[in-house]
2 protein chains.
Amino acid sequence: MRVETRKQEIIRVAATLFKDKGYSAVTMRDLAKAMGIKAASLYNHINSKQDILKDIIISLAEEFTAGMATIMASQVSSLDKLNQIIALHVNIAGRNTDEMASLNNDWMHLEEKLEYYLQLRENYEANFRSIIKQGIGTKEIIDLDPDTILFSILSTLRSLYLWIPDHEDYNPNQFAAELAEILLHGINK
Amino acid sequence: MRVETRKQEIIRVAATLFKDKGYSAVTMRDLAKAMGIKAASLYNHINSKQDILKDIIISLAEEFTAGMATIMASQVSSLDKLNQIIALHVNIAGRNTDEMASLNNDWMHLEEKLEYYLQLRENYEANFRSIIKQGIGTKEIIDLDPDTILFSILSTLRSLYLWIPDHEDYNPNQFAAELAEILLHGINK
DNA sequence: AAGATAGACTAACAAATGTTAGTTTAATCA
DNA sequence: TGATTAAACTAACATTTGTTAGTCTATCTT
């Protein structure tokens, strides 16, 4: 089975609506209308609105966690790890632009899974920070506050979901390289 | 009159609630409870929920517009203009962390003022982009896609409202300088 | 003291919201 | 063919939501 189930279709359409208006502002009737059915019919496929959000966010968060684990295990320089992280974000964001909006903007509306999500995020950022610190230790990276460096890079990576849909002709690999150039080497000539 | 009016107090408290849950998820009863009064009492001071959002966002957007106008008029290098922009964001975000959340996350819920807001934003970004292009022209800035450079820097500047409250001891001027170092010269040693 | 004002209250509203129950229809499988 | 299933429907529900109307009270102003 390679085809999308009705449930997956609902979740995908929900993500596009969530991207534009946010989870709280999208009603089940909005979602139903976008699907061409009545709101009650949605419940033949999904359990609740909350469940849709959970499916969108948790699967994405776990994909980032898995990607980071691979990077942490690779035996390369800190700078190369940062390059891999940038490529990871470009890759995941490129395949999930709508879903990334929910991950970034609606995670606080998770209920049962909120704590789990926060654990994944803290773990991800801790790994990211440790790579930066290691790079500072080996003098690959300038000796500035690791939190500020992390904040700066991660802010840009988190916003990729906004940039990508406006540049449909972009080449992921080339774009990741250009972004790495800007983030790691700066823009000053 | 230097003291806060009741209306200003309501708007300020609303901004803190909007920051945590977003405009759509905050009810007038939530806001009333945070103020220690009943929801109906809010309407002795404000016209509507929408009006609160408008006040928060438009005044901030106009402050950015004014700041950008000053920078555009200054006769300095492109790189120095970028430094001024970074300082502008650190300054405004530092004094309005809660309000910045609405500007970033809830602008799409503006109704009558949505078009006006979008005009201000487009104008702001056009000025920002022109500074980058000029810098590329004078070889101050590397010759990469101006849109990508703008995206990268602006993503970080837009996220400042998240960084600042977690670092209460920060020195705005020193922080702006450190951020400029990272954004303009990169982190690679 | 009288009047005005600021700012709270109760009561109520129409509309919107997430969801459930039970039913119908059309396609698939034995 | 008959049974099963996937997926839609109508109707309704209990809450929640933003807001209005009208009232009361305490504090200023004249």
Side-chain angles (χ1 to χ4, degrees), chain A residues 1-58 101-102 105-114, chain B residues 1-58 101-102 105-114:
Chain A
M1 302 245 180
R2 214 71 304 272
V3 293
E4 194 180 43
T5 68
R6 195 73 171 136
K7 176 177 179 176
Q8 290 170 327
E9 191 183 352
I10 290 172
I11 293 173
R12 180 174 52 77
V13 170
T16 73
L17 299 184
F18 292 168
K19 177 181 186 178
D20 288 336
K21 304 173 55 179
Y23 174 76
S24 299
V26 174
T27 72
M28 295 304 277
R29 284 165 183 83
D30 291 337
L31 176 53
K33 183 165 277 183
M35 291 292 299
I37 61 179
K38 299 290 175 181
S41 303
L42 293 169
Y43 289 84
N44 285 319
H45 308 281
I46 53 102
N47 295 319
S48 65
K49 188 187 179 189
Q50 170 69 199
D51 242 42
I52 297 176
L53 186 68
K54 183 200 72 184
D55 278 3
I56 293 172
I57 293 182
I58 298 299
S102 296
N105 306 325
D106 286 319
W107 58 266
M108 72 287 283
H109 298 119
L110 285 174
E111 292 164 10
E112 281 158 79
K113 292 288 181 179
L114 176 57
Chain B
M1 305 238 182
R2 217 59 322 260
V3 293
E4 194 180 43
T5 68
R6 195 75 171 133
K7 177 177 179 176
Q8 290 170 328
E9 190 183 352
I10 289 172
I11 293 173
R12 180 174 51 78
V13 170
T16 74
L17 299 185
F18 292 168
K19 177 182 185 178
D20 288 336
K21 304 173 54 179
Y23 174 75
S24 299
V26 173
T27 73
M28 295 304 276
R29 283 164 183 85
D30 290 338
L31 176 53
K33 183 165 277 183
M35 291 292 299
I37 61 178
K38 298 289 174 180
S41 304
L42 293 168
Y43 290 83
N44 285 319
H45 308 281
I46 54 101
N47 296 321
S48 65
K49 188 187 180 189
Q50 172 69 200
D51 242 41
I52 297 175
L53 185 68
K54 183 200 72 185
D55 278 2
I56 292 172
I57 292 181
I58 298 299
S102 296
N105 307 325
D106 286 318
W107 58 267
M108 72 287 284
H109 298 120
L110 285 174
E111 292 163 11
E112 282 158 77
K113 292 288 181 177
L114 177 58

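In this text the structure is predicted, and so the values were computed from the model without any measurement. Quick note on labels: first sequence line is chain A, next is B, and so on, each numbered from 1.
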Next item on the list: Measure from the side-chain heavy atoms of Ala40(B) and tell me the nearest of dT20(C), dT20(D), dT17(D).
Entry: dT20(D)

Distance in angstrom units between [X] [atom1] and [N] [atom2], rounded:
X	N	atom1	atom2	value
Lys33(B)	dC9(C)	NZ	P	13 Å
Arg6(B)	dA8(C)	CZ	C1'	9 Å
Asp30(A)	dT19(C)	CG	C1'	16 Å
Lys21(A)	dT17(C)	NZ	C1'	13 Å
Arg29(A)	dA16(C)	CZ	P	10 Å
Glu9(B)	dG7(C)	CD	C1'	12 Å
Lys38(A)	dG22(C)	NZ	C1'	17 Å
Met28(B)	dA15(C)	CE	P	20 Å

Over all heavy atoms of both residues, which pair between [X] and [Y] is shortest? Give the atoms and the distance, please.
X	Y	answer
Leu53(A)	Leu110(A)	CD2-N, 3.9 Å
Met108(A)	Asp20(B)	CG-O, 3.5 Å
Leu31(B)	Leu17(B)	CA-CD1, 3.7 Å
Ile57(B)	Ser102(B)	CD1-O, 3.6 Å

Notebook entry, point to check: Quick one: does Gln8(A)'s side chain get under 4.5 Å of Ile11(A)'s, heavy atoms only?
Noted result: no

Item checked: Min side-chain heavy-atom separation Tyr23(B)-Gln50(B) under 4.5 Å -> yes

Item checked: Axis deviation across the helix from dA1(C)-dT30(D) to dA30(C)-dT1(D), five-pair ends, to the nearest 10° -> 10°

Next item on the list: Check DNA chain C against residues 42-57 of chain A and give the residues with a non-hydrogen atom under 4.0 Å, in numerical order.
Entry: Tyr43(A), Ser48(A), Lys49(A)

Note to self: Tell me whether Lys49(B) contacts the main-chain N or O of Val26(B) through its side chain, where contact means a donor paired with an acceptor under 3.5 Å.
What the structure shows: yes

Check: Does Ser41(A) have a side-chain nitrogen or oxygen under 4.0 Å from the phosphate oxygens OP1 or OP2 of dC9(D)?
Finding: yes

Checklist line | Pairing of Lys33(B) and Asp30(B) as salt bridge, 4.0 angstrom limit | finding: no

Notebook entry, point to check: Using 4.0 Å as the upper bound for N to carboxylate O, is an ion pair formed by Glu4(A) and Arg12(A)?
Noted result: yes

